[in-house]
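Here's the structure we're looking at; comments come further down.
As the structure is a prediction and not an experimental result, all values here were calculated from the model.
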Amino acid sequence: MKLYYWLWLVLLPVGALGQQKTAADYGFRHLRTVFQGDTVDILIKSRAVEEQVPKPLFLFCQGSLPQPLLKLADDGHVYGVFPFKPDSLLRQYHLAIIGKPYVPLIGQKSKLGRNFTYVEPNGSFPAAYSRRNHLTYYVKRNIAVLRFLRRQPWVAKQRLVVAGHSEGSTVAAKMAQNFHPITHLIYSGGNPSGRILNIIAQDRAVETDSSRTGEASLADWQTVVNTPQDLNASQGDTHLATYSFSIPPQEYLQKLRIPTLISYGTKDWCAPYVDLLRVDFIRSHKTNATFLPYIGTEHNYFPVLPNGQPNYEVFNWDKVADDWLAWLSKK
């Protein structure tokens, strides 16, 4: 199955910080725990001098690819860990993000592969990462991290927000179904009908009668379904990754009763499937979900130009984060 990149990472330099040291030098607390024998890296962002002030936790589940959480430019800048500036959310929450399995916490841009990925000398993703890169692992690991963090004295227990974008939206939705202490879910840029339909939609948009790329992806999907537990990553994502992220997240979203915010760009490939979910929720009188469409924007909330290309001059992620906070303040 081909490997598709769901998250165009917004890389925001946040200051020239000199030689690489530790996460603390970049304004983060670095915590570690162990899950199934694996060391798990966690970054915590808090307002200055409020690190020990009890506040609710806001966990952000990032999208796909084995990227270090801290990516350093050659000039010493560190790129944004979150796709948005966290300042507004930090007034009310401690923000947390979890590293990818068997991927270093910090990576120098010049030593990373395409799309800022951590790769082996032969260009492939680490085998230990690929074996764990599937929905079940991430959900169980992230819930274990939440249990660990909720034991910290600076984490208030009255609410627990989990947000996810792109691939992370599926992880967040499944977590909300399985871990009842989660009080609020933010589902951003996800396809409620599953990953495979995004792949097919993209292929259908560019295929010709001779290329038939959509048909090829459907044939690939048949192969995945025939051997859904296969962990061979030589062609990109393993079958297990593709299969697990193609189970329709709407199965999780429909069962939730907690306040849920579903945000999406109306020019994203997933938009028709989000609209379909919205229609179903209206028909079934399901009222716990709020839909927040960003008209004319793509997967990462950039406006789409008449030629179909994103306008990267207009950055909307900070507005999206402010809108999330406004919604949380009403719930």
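- Taking both residues in full, the closest heavy atoms of I200 and S217 are given as CG1-CB, 4.3 Å, listed atom of the first, atom of the second, then distance.
- Across all non-hydrogen atoms, the minimal contact from T238 to S130 is CG2-O, 3.9 Å.
- We find that D322 and K319 are not joined by a salt bridge, their nearest charged nitrogen and carboxylate oxygen being 4.0 Å or further apart.
- Residues H94 and W154 have side chains in contact (heavy-atom distance under 4.5 Å, counting atoms from C-beta outward).
- In this pair, F125 and Y129 present their aromatic rings perpendicular. The plane angle is above 60°, beyond the 30 to 60° band.
- Here E167 pairs with K100 in a salt bridge; the nearest charged N to carboxylate O distance falls below 4.0 Å.
- Between R32 and D41 there is a salt bridge, since a side-chain N of the basic residue sits under 4.0 Å from a carboxylate O of the acidic one.
- Using a 4.0 Å cut-off between charged nitrogen and carboxylate oxygen, E51 and R29 do not count as a salt-bridge pair.
- For the residue pair T223/H239, the side-chain donor-acceptor check at 3.5 Å is not satisfied.
- Distance check, rounded to the nearest 0.5 Å: CG of L57 to CG of L149 gives 5.5 Å.
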Report task. Take E50 and R91 through the salt bridge (charged side-chain N to carboxylate O under 4.0 Å, His left out) test and state the conclusion after the steps. Result -> CA-CA 9 Å; E50 293 185 355; R91 291 197 296 268; over 6 Å; no
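- Within the 4.5 Å cutoff, the side chain of I42 has no heavy atoms near those of the I97 side chain.
- Here the two rings, on Y187 and F291, have centers that are 6.0 Å apart or farther.
- Residues D38 and Y137 meet the side-chain proximity criterion, which asks for heavy atoms closer than 4.5 Å.
- With respect to E251 and K174, no salt bridge is recorded, no charged nitrogen being found less than 4.0 Å from a carboxylate O.
- Note on R195 versus D237: salt bridge recorded, some NZ/NE/NH1/NH2 to OD/OE distance being below 4.0 Å.
- Here the side chains of Y294 and P303 are not in contact, with every heavy-atom distance at 4.5 Å or above.
- Heavy-atom minimum distance, Q250 versus S193: OE1-OG, 3.5 Å.
- Geometrically, K286 engages F281 in a cation-pi contact defined by less than 6.0 Å to the ring centre and at most 45° from the axis.
- I199 is not listed as a side-chain neighbour of W221, based on a closest heavy-atom distance of 4.5 Å or more.
- No side-chain donor-acceptor contact under 3.5 Å links S244 and H134.
- Looking at K267 and P310, their side chains never come closer than 4.5 Å, going by heavy atoms from C-beta outward.
- Within the 4.5 Å cutoff, the side chain of H184 has heavy atoms near those of the V161 side chain.
- In terms of heavy-atom proximity, T183 sits nearest to Q158 at CG2-O, 4.1 Å.
- With rounding to the nearest 0.5 Å, the separation of OG1 in T260 from CD1 in I182 is 10.5 Å.
- Between the side chains of N115 and T117, no donor-acceptor pair is found at a separation under 3.5 Å.
- For the residue pair N198 and Y273, no side-chain donor N or O sits within less than 3.5 Å of a side-chain acceptor on the partner.
- Shortest non-hydrogen contact noted between T266 and G296 is OG1-N, 2.7 Å.
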Requested in this report: Check the pair F82, F58 against ring-ring contact (aromatic ring centres under 6.0 Å, His included), reporting the backbone distance first and the verdict last.
Outcome: CA-CA 12 Å; F82 301 98; F58 184 111; 8.1 Å; no
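- In terms of heavy atoms, P249 sits closest to G194 at CD-N, 3.7 Å.
- Looking at Y243 and D230, their side chains never bring a donor and an acceptor atom within 3.5 Å of each other.
- The closest side-chain donor-acceptor pair between N133 and Y138 falls under 3.5 angstrom.
- The side-chain tip of K45 points at the ring of F28 from less than 6.0 angstrom away and within 45° of straight on.
- Ring pair Y301/H165 is tilted by interplanar angle, where 30° to 60° counts as tilted.
- For the pair I196/D220, no side-chain contact is recorded, criterion being any heavy-atom separation below 4.5 Å from C-beta on.
- Aromatic rings of H299 and W269 (six-membered ring for Trp) have centroids beyond the 6.0 Å cut-off, not under it.
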